[in-house]
Amino acid sequence: MKFKNLLIDWIFSKSTYVDLFSDIRTVCATIIMIGGVSRFFGFHNPSYVIISSFIGWIIANIMLNLLKKDK
């Protein structure tokens, strides 16, 4: 029971969500960078990957700002 309560406290912790959205933002920025570089050098990279990563990056930034403002 202690483990369950500890796990629930960890899952619903604000710092867990901040870490999650920070990781999502980092992954999206990396995808955007690699996609842009590969398109610059002429490799085939569908643009919908870059666009969806950009949208994910924006959403992660908004969520991080909202979570950090809430402190």
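The model shown is predicted, which means the values in this text are computed figures rather than measured ones.
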Could you grab the distance from atom CD1 of I11 to atom CG of L7, nearest 0.5 Å is fine? 4.0 Å

Flag yes if more than 12 heavy atoms outside Y17 fall under 6.0 Å of its OH atom; otherwise flag no. yes

In short, G56 meets C28 closest at the heavy-atom pair C-SG, 3.8 Å

When I59, L20, V18 are each screened for side-chain contact (heavy atoms from CB on, under 4.5 Å) with L64, the one that passes is V18

What is the distance from atom OG of S53 to atom CD1 of I58, rounded to the nearest 0.5 Å? 11.0 Å

Judged by atom type as modelled, is there a donor-acceptor pair below 3.5 Å linking the side chain of S13 to the main-chain atoms of D9? no

Going hydrophobic residue to hydrophobic residue with side-chain gaps under 4.5 angstrom, can you get from F12 over to L6? no

Atom of L67, atom of F21 and distance for their closest heavy-atom approach: CD1-CD1, 3.9 Å

Spatial distance of atom OG (S52) from atom CD1 (I32) [nearest 0.5 Å]: 8.5 Å

